[in-house]
Visitor: 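This is the structure I have questions about; it appears just below.
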Amino acid sequence: MQNWFQQSIISTGRLPLFCYFVMLIVAFIATRINVRLIRAKIGWFRNVNVGEMHIHHVVFGVVLMLIGGVALIVSPGSQIGTAAAAAVFGVGSALVLDEFALILHLHDVYWEEEGRTSVDAVFIAVAVTGLLLIGLRPLTWNYGTPVNPAALIVANLALAVVTLLKGKIWTGMAGLFVPPMLLVGAIRLARPGSPWAHWFFAKGSPRKVARAVRREERLRRPVIKAKIAFQEFLSGRHDLPSTRRGRRHT
């Protein structure tokens, strides 16, 4: 294990990324344990309040990201110093992403259904960082062809946009590292409710809509249920009624 760590992490200059990756996961798990204990009103675990104002942990996350980010910028080049700054940045990232849904909706939906977006954001961050850590790089792939690399990057970006517009977030993100996945995602039928489905066949092609709904029910629903079950095991139940439905923003 020590030899692997030396050869694969330290010698390749990935120690800062490794520290970021580890602290992102550790801080997220610690945060979720803390908020679940607060929700259950166990022991001395309580929300941080100043008077009547509740201080969300995203605030502490922003501060830590600023500290870690500035430290990374002014780092003298020492891998140890950069790794320490990356670890601080990882803790801050976990705190911010854990309340990503609050930032997205500009409303406290932490324990509501919309709050699962925060967990999805953390999962995506962990997955992308993990792929970087094992040596994969986005938008690079050896096709063994004389095609101009710039043209391949543009084509991959276009396929990624189409895949994401079709509602296939995980395929789109993973496809940035394994471009053939983007081709599959871009060709296959869009998910119902996605921007692509709304723009191109929601009204003019009822057969495609029906096919998309059937595929969603048959293939994707079981996967989503399994993902939600794992998320709730890890992060707690997002079971409060939504307070955003019917809410209008000005």
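We count residues from 1, following the sequence as given.
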Visitor: Could you report the tightest heavy-atom contact between Arg32 and Asp98, atom names first, then the distance?
Guide: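 Closest approach of Arg32 to Asp98: NE-OD1, 2.7 Å.
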
Visitor: Does atom NZ (Lys227) have a neighbourhood of more than 12 heavy atoms from anything else shown, all under 6.0 Å?
Guide: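 More than 12 within 6.0 Å, yes.
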
Visitor: Enter the distance from Glu216:CD to Leu189:CG here, rounded to the nearest 0.5 Å.
Guide: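 Rounded to the nearest 0.5 Å, the CD-CG separation comes out at 10.0 Å.
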
Visitor: So how far is it from Ile29 CD1 to Leu24 CG, rounded to the nearest 0.5 Å?
Guide: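 Answer for the CD1-CG pair, Ile29 versus Leu24, is 9.5 Å.
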
Visitor: Could you pull out the closest heavy-atom pair between Val88 and Leu64, with the gap in Å?
Guide: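 Shortest heavy-atom contact: CG1-O, 3.5 Å.
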
Visitor: List the atom of Ala197, the atom of Arg191, and the distance in Å for their closest heavy-atom pair.
Guide: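 Where Ala197 meets Arg191 most closely, the heavy atoms are CB-O, 3.4 Å.
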
Visitor: When you look at Val96 and Ile103, which way does the side chain to side chain contact (heavy atoms under 4.5 Å, CB included) test go after all the steps?
Guide: CA-CA 9 Å; Val96 170; Ile103 302 171; 4.0 Å; yes

Visitor: Which word best sums up how the rings of His56 and His54 line up, parallel for under 30°, tilted for 30 to 60°, or perpendicular for over 60°?
Guide: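 His56 and His54: perpendicular rings.
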
Visitor: Is the number of heavy atoms from other residues, nucleotides or ligands under 6.0 Å of Arg46 CZ greater than 12?
Guide: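 Yes, because the 6.0 Å sphere around CZ of Arg46 holds more than 12 heavy atoms from other groups.
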
Visitor: Taking all heavy atoms of Phe28 and all of Ser235, pick out the closest pair and write down the distance.
Guide: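 Looking at all heavy atoms of both residues, the closest pair is CZ-CB, 4.5 Å.
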
Visitor: When hydrophobic residues are tied together by side-chain contacts of less than 4.5 Å, even through go-betweens, does Ile25 share a cluster with Leu234?
Guide: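 Both belong to a single hydrophobic cluster.
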
Visitor: Once you round to the nearest 0.5 Å, how far does CG of Leu132 lie from CZ of Phe177?
Guide: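 Here the rounded value is 4.0 Å.
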
Visitor: Can you tell me how far apart CD1 (Ile134) and CG (Leu17) are? Round to the nearest 0.5 Å.
Guide: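 So the gap between those two atoms works out to 11.0 Å.
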
Visitor: Would a 4.5 Å heavy-atom cut-off, applied to side chains only, mark His57 and Val35 as touching?
Guide: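 When only atoms from C-beta onward are counted, Val35 and His57 do touch, with a gap below 4.5 Å.
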
Visitor: Is there a path of hydrophobic side-chain contacts, each under 4.5 Å between heavy atoms of I/L/V/M/F/W/Y residues, joining Leu95 to Leu66?
Guide: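 In one cluster with Leu66: Leu95, yes.
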
Visitor: Closest heavy-atom contact between Arg14 and Leu133?
Guide: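 Closest heavy-atom pair between Arg14 and Leu133: NH1-O, 3.1 Å.
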
Visitor: Can you find a heavy atom in the side chain of Leu164 that is under 4.5 Å from one in the side chain of Ile169?
Guide: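 Touching, per the 4.5 Å side-chain cut-off.
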
Visitor: Has the side chain of Lys208 got a donor or acceptor atom that lies under 3.5 Å from a matching backbone atom of Phe200?
Guide: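 Between the backbone of Phe200 and the side chain of Lys208 there is no qualifying donor-acceptor contact (under 3.5 Å).
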
Visitor: Starting from the C-alpha separation in whole Å, work towards a yes-or-no answer on side chain to side chain contact (heavy atoms under 4.5 Å, CB included) for Leu15 and Ile80.
Guide: CA-CA 8 Å; Leu15 181 61; Ile80 298 299; 4.1 Å; yes

Visitor: Ring-plane angle category for Tyr110 and His238, please: parallel below 30°, perpendicular beyond 60°, tilted otherwise.
Guide: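 Taking His238 first and then Tyr110, their aromatic rings sit tilted (interplane angle of 30° to 60°).
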
Visitor: Between Thr163 and Val184, is any pair of side-chain heavy atoms under 4.5 Å apart?
Guide: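 The answer is no; the side chains never approach within 4.5 Å.
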
Visitor: Is there a path of hydrophobic side-chain contacts, each under 4.5 Å between heavy atoms of I, L, V, M, F, W or Y residues, that connects Val119 with Ile224?
Guide: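 Different clusters: Val119 never reaches Ile224 through Ile, Leu, Val, Met, Phe, Trp or Tyr contacts under 4.5 Å.
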
Visitor: When clusters are formed by joining ILVMFWY residues with side-chain heavy atoms under 4.5 Å apart, either directly or through shared neighbours, do Ile42 and Val48 land in the same one?
Guide: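 They do share one cluster, since a chain of ILVMFWY contacts under 4.5 Å joins Ile42 to Val48.
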
Visitor: Determine whether a donor-acceptor pair (N or O, by modelled atom type, separation under 3.5 Å) exists between the side chain of Ser11 and the backbone of Ser8.
Guide: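 Not at all, since once roles are kept as given, no pair shorter than 3.5 Å links the two residues.
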
Visitor: If only side-chain N and O atoms count, and only distance matters, is there a donor-acceptor pair under 3.5 Å linking His105 with Glu114?
Guide: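 No, because no side-chain N or O of Glu114 sits under 3.5 Å from a partner of the opposite role on His105.
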
Visitor: Decide yes or no for Arg237 and Glu232: does some side-chain heavy atom of the first lie under 4.5 Å from some side-chain heavy atom of the second?
Guide: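 Answer yes - side chains close enough.
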
Visitor: Rounded to the nearest 0.5 Å, what's the gap from CG on Leu72 to CD1 on Ile67? Could you check?
Guide: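 So the CG of Leu72 and the CD1 of Ile67 are separated by 12.0 Å.
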
Visitor: When the ring planes of Phe89 and Tyr20 are compared, do they come out parallel, tilted or perpendicular, using 30° and 60° as the limits?
Guide: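 The rings of Phe89 and Tyr20 sit tilted, inter-plane angle from 30° to 60°.
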
Visitor: Would you kindly confirm whether Leu97 and Val58 end up in one hydrophobic cluster when ILVMFWY residues are joined by side chain heavy atoms under 4.5 Å apart?
Guide: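 Cluster IDs for Leu97 and Val58 match.
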
Visitor: Give me the atom names and distance for the closest heavy-atom approach of Met181 to Ala174.
Guide: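 So the minimum-distance heavy-atom pair works out to CE-CB, 3.8 Å.
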
Visitor: Taking atom CG of Leu176 and atom CG of Asn156, what is their separation to the nearest 0.5 Å?
Guide: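 Between Leu176 CG and Asn156 CG, I get 8.5 Å after rounding to 0.5 Å.
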
